[in-house]
Number of protein chains: 2
Amino acid sequence: MGDRPGHDRRAGSSEPPNHLLYLTDDQLRTGIEAMFFAYRGFTAAPDAILQDKDYGRAHHRALHFIHRSPGTSINNLLGILGVSKQSLNRVLRTLIADGMVVSRVGTEDKRERHLYLSEEGEALERELSDAQRDRMRSAYRAAGPAAVAGFRRVLEAMMDEDMLRHYEALGPRGRP
Amino acid sequence: MGDRPGHDRRAGSSEPPNHLLYLTDDQLRTGIEAMFFAYRGFTAAPDAILQDKDYGRAHHRALHFIHRSPGTSINNLLGILGVSKQSLNRVLRTLIADGMVVSRVGTEDKRERHLYLSEEGEALERELSDAQRDRMRSAYRAAGPAAVAGFRRVLEAMMDEDMLRHYEALGPRGRP
DNA sequence: TTTTAATGTCAACAAGGCTGACGTATTTTG
DNA sequence: CAAAATACGTCAGCCTTGTTGACATTAAAA
């Protein structure tokens, strides 16, 4: 297990080749901790806004992806969010009841519902994503363009196939 | 608000300077989505292991940081994890009852408790972090050392002061 | 026409957050 | 030394968000 190819555990063994120093257990552990702490910073801004309103992080996620893919179906959204339909439904129900989200019966396939944000929904989404982008922007700016490219590359390598598909399907200018 | 210095909203405005193209709203949005999808990949492996046992992600976090800072106090752990003492207590109680974590009364200050992992706790922690590191390692390897450096730099810039303090206090070879 | 797919919804439950309120050592301070 | 502050532990209750199971509806597909 310790000598699985490319699996350099680095515990009391001999030194690793210099070009693999970044794969050290210590480096990996630090990366894990960085993800943990950074994710808190990542969600802090929108969470603070949501505290006052009657919504939570789950609502934010739904708003974000409906904004990104106007007209998306429930099934597509389920795949993106990776939750059960019952969980999503509970969130969507409140958003629809509050007039943030509009659900229209599909034109081609009338079993499907197409989801859109209302004006009000767009406004809330904008408020949340502005706050989150501000945080992201200052991090990007502090780190610089080269670091940002690396950041993206590692995150993309961290996704499994399923997520990567959804991530790429959103593309540079999201389509339903 | 649109022309706050360095706040290039890029919505229907003129082109941004070339050297700031990475601060585009589109780029930031993609980074946000990358974080969202990647975090799922990040927690997937340990979550899968925990599903069988009677523990959850919160237990994993406690195990991780006690492993990293043997002898840590409750208060320190609270700061790292950023949860209420009641939340942490619930998790710690089960871990202590199961013999995964040992709590010793402080030597200098007898009000404090010092937390350690038992042999069994170390074993579980190892199982979980091995799985998570495997995932991390393959992402690191796929992205390469330069990307990893950028990844870390952006994540660190994303933390707020409080988290950064805890993150750095853990250091390269964690101390209590 | 039967089957399958997409969706909504009800019920029940669990994990893991939170706050408020106490109780108890123990250390610090005035 | 007495009073206050600190570091816990714990009980109770509540919220969000996740889960599974079951059942109904509608409409597309075979």
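Proteins get letters first, then strands, A, B, ... in listed order; numbering begins at 1 in each.
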Just N and O in the side chain of [X]: are any of them under 4.0 Å from OP1 or OP2 of [N]?
X     : N      : answer
A:S87 : D:dT17 : no
A:S84 : D:dG18 : no
B:N75 : D:dC8  : yes
A:H59 : D:dT17 : yes

Quickly work out the [X] [atom1] to [N] [atom2] distance and round it to whole Å.
X     : N      : atom1 : atom2 : value
B:L88 : D:dA7  : CG    : C1'   : 13 Å
B:R93 : C:dG16 : CZ    : P     : 14 Å
A:Q51 : C:dG17 : CD    : C1'   : 12 Å
B:L92 : D:dT10 : CG    : P     : 10 Å
A:D52 : D:dT16 : CG    : P     : 14 Å
B:H60 : C:dG16 : NE2   : C1'   : 16 Å
A:N76 : C:dA5  : CG    : P     : 18 Å
B:N89 : D:dC8  : CG    : P     : 11 Å

Would you say B:E33 and A:H166 are linked by a side-chain donor-acceptor pair, where the criterion is simply a distance under 3.5 Å?
no
Using heavy-atom distances to pick each residue's nearest nucleotide on DNA chain C, tell me which of A:L78 and B:R90 is more 5'.
A:L78
For D:dG18, does the base pair up with any side-chain atom of B:R57 as donor and acceptor (N or O, under 3.5 Å, distance only)?
no
Regarding D:dG21, can its base be found pairing with the side chain of A:Q86 as donor and acceptor, where the two atoms are less than 3.5 Å apart?
yes
Contacts to DNA chain D from residues 94-115 of chain B, heavy-atom cutoff under 4.0 Å, which residues?
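Residues of residues 94-115 of chain B that come under 4.0 Å of DNA chain D are, in numerical order, B:R111, B:E112, B:R113.
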In this structure, which one of A:L95, A:L124, A:D98 forms a side chain to side chain contact (heavy atoms under 4.5 Å, CB included) with A:H59?
A:L95
Over 60° means perpendicular and under 30° means parallel, so classify the ring planes of A:F65 and B:F36, tilted if in between.
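If you compare the ring of B:F36 with that of A:F65, the planes turn out tilted.
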Mind telling me whether A:H60 and A:H64 have parallel, tilted or perpendicular rings, with 30° and 60° as the class edges?
perpendicular
State the CD1-CG distance between B:I66 and B:L117, to the nearest 0.5 angstrom.
5.5 Å
Return the minimal non-hydrogen interatomic distance between B:M35 and A:L155, and the atom names on each side.
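Smallest interatomic distance, heavy atoms only, reads N-CD1, 3.7 Å.
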Quick one: are B:M136 and A:R29 in side-chain contact, heavy atoms under 4.5 Å?
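With C-beta onward as the side chain, the pair stays apart.
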